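Note that the structure is a prediction, hence the values are computed from the model and not measured. Order of listing sets the numbers, starting from 1, for every ligand and every atom in it.
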Amino acid sequence: MTLKNKVIVITGASSGIGEASAKLLASHGAKVVLGARRENRLKDITEDIEAKGGQATYRVTDVTNPEDLVALVKLAKETYGGIDVIFNNAGIMPTSPISALKTDEWNSMIDVNLKGVLNGVAAVMPEFTKQKHGQIITTSSVAGIKSFVGSGVYGATKFAVRNLMEVIRMESAQEHTNIRTTSLYPAAINTELLKTITDSDSKQGMSKLYASVGITPDAVARVVNFAVDQPADVNVSEFTIYPTKQA
Ligand code: NDP
């Protein structure tokens, strides 16, 4: 298949879905370029991948800063000679009812979950357009296809990136640039994400749900692996990943 030797930039690679994906993709021969803010985590994950015979590098990256994404893509090109895929995965989920007016958290979610994805797209688009191939994978959420109480703003960011991925796919087909896009809609995946919730009722409800049905991030990593591994003329646009036990 097509995954081996692909150069894949991954944001939010320091834990959860990003970490699991980096490890799985590297184990199948991809060259992974990791970005997130916690350097110690990135270093450990990179060393772990290398110890198992894989290829990885990292750069401390804040996705809210466009220059950081440009630098991450530059690192991919300098280290591995190009870039084939960006996995826009960094995200935060401080859910709360709108009436709580946690406006700072609304803005942070827009900055990380929406503008952070746009920054990733902008960083790869010149290269992808020039080389006439590339793949953009983005972690939306089931909150990007259905409405949930407490997810007014989180869901808004996740609906938005879903639209973005589909429009990029359509425009690229019209422009003959062969850019593939994929949106992922995970449900309850046991990661560090719930730590970003400050509203106590939201946190309690989510923690209970995740403790009872949550599955490991490897489930999402396998889907990412599948999407990347498809032949160049196949675009798999969307995947919803539920724990079997989640209603
Ligand atoms: P984690 O909290 O484990 O991972 C989130 C990642 O995002 C971390 O690597 C974190 O790294 C990174 N991140 C957060 N803010 C920034 C920033 N400003 N710049 C760069 N990186 C940042 O949770 P998940 O693995 O679950 O989350 C990954 C994605 O999956 C998110 O987009 C989330 O919304 C989505 N998702 C998760 C679900 C779940 O149930 N877990 C369900 C649906 C969607 P660092 O702090 O080091 O910067």
What protein heavy atom lies closest to atom 23 (O) of ligand 1? Include the residue and the distance to one decimal. T191 OG1, 3.2 Å

Atoms in ligand 1 with a heavy atom of T61 nearer than 4.0 Å: 19 (N), 20 (C)

Polar-atom distance check: R38 versus ligand 1, any N or O pair below 3.5 Å? yes

Against ligand 1, does G35 come closer than 4.0 Å with any heavy atom? no

Does one side chain, of T61 or D68, offer a donor that lies under 3.5 Å from an acceptor on the other? no

What protein heavy atom sits nearest atom 4 (O) of ligand 1, and how far off is it? S15 OG, 3.3 Å

Would A143 count as a contact residue for ligand 1, given that I'm defining contact as a non-hydrogen atom of the residue lying under 4.0 Å from a ligand atom? no

Taking V63's backbone N and O only, do any of them form a donor-acceptor pair with N119's side chain (distance below 3.5 Å, no angle check)? yes

N113 (side chain) donor-acceptor with T157 (main chain) under 3.5 angstrom: no

With atoms numbered from 1 as shown, which atoms in ligand 1 lie under 4.0 angstrom from a non-hydrogen atom of Y210? 39 (C), 40 (O)

Looking at Y154, which atoms of ligand 1 are within less than 4.0 Å of one of its heavy atoms? 33 (C), 34 (O), 35 (C), 36 (N), 43 (C), 44 (C)

Tell me if the CD atom of E166 is crowded by more than 12 foreign heavy atoms within 6.0 Å. yes

Checking T182 now: which residues fulfil side-chain hydrogen bond (donor to acceptor under 3.5 Å, both in side chains) with it, not counting sequence neighbours? none

What's the shortest distance from atom 22 (C) of ligand 1 to any protein heavy atom, and which residue and atom give it? A90 CB, 3.7 Å

For atom 25 (O) of ligand 1, what's the nearest protein heavy atom and its distance? I17 N, 2.8 Å

Which residue owns the protein heavy atom closest to atom 14 (C) of ligand 1, what's the atom, and how far is it? R37 NH2, 3.5 Å

Heavy-atom donor-acceptor pair, N89 side chain to I10 backbone, under 3.5 Å: no

Looking only at side chains, do T177 and S172 share a donor and an acceptor under 3.5 Å apart? yes

So for K195, does at least one of its heavy atoms come nearer than 4.0 angstrom to any atom of ligand 1? no

Under the side-chain hydrogen bond (donor to acceptor under 3.5 Å, both in side chains) test, which residues partner T57, sequence neighbours left out? none

Would you say the side chain of V33 lies within less than 4.5 Å of the side chain of I8, judging by non-hydrogen atoms? no

Heavy-atom nearest neighbour of atom 2 (O) of ligand 1 within options L193, I215, V112: L193

Atom 31 (C) of ligand 1: which protein heavy atom is closest, and how many Å away? N89 O, 3.2 Å

Do Y80 and Q55 get their side chains close enough for a donor-acceptor pair, meaning under 3.5 Å? no

Any atom of ligand 1 sitting under 4.0 Å from a heavy atom of A13? yes

In sequence, state the C-alpha distance, the side-chain angles, and the governing distance for T198 and E105, and then conclude on side chain to side chain donor-acceptor pair (under 3.5 Å). CA-CA 9 Å; T198 60; E105 293 183 351; 2.5 Å; yes

Are side-chain N/O atoms of S212 and K208 paired as donor and acceptor at under 3.5 Å? no

Any idea which atoms of ligand 1 are less than 4.0 Å away from a heavy-atom of G91? 5 (C), 7 (O), 14 (C), 31 (C), 32 (O)

Among all protein heavy atoms, pick out the one at the shortest distance from atom 9 (O) of ligand 1; state its residue, atom name and that distance to 0.1 Å. S14 OG, 2.8 Å

Would you check whether T11 reaches within less than 4.0 Å of ligand 1, judged by its heavy atoms? no

Using a strict 4.0 Å cut-off to heavy atoms of A187, name the atoms of ligand 1 that fall inside it. 38 (C), 39 (C), 40 (O), 42 (C)

Count the heavy atoms belonging to other residues, nucleotides or ligands that lie under 6.0 Å from NZ of K203, then report whether that count exceeds 12. yes

Considering only non-hydrogen protein atoms, determine which one is nearest to atom 19 (N) of ligand 1 and report residue, atom name and distance to 0.1 Å. V63 N, 2.9 Å

As an exercise, identify every atom of ligand 1 less than 4.0 angstrom from a heavy atom of P186. 42 (C), 43 (C), 44 (C)

Below a 4.0 angstrom heavy-atom separation, can you tell me which part of R41, side chain or backbone, both or neither, approaches ligand 1? neither

When you check the side-chain N and O atoms of S15 and R38, is any donor under 3.5 Å from an acceptor? yes

I need the atoms of ligand 1 closer than 4.0 Å to a non-hydrogen atom of G16, numbered in the order shown. 3 (O), 25 (O)

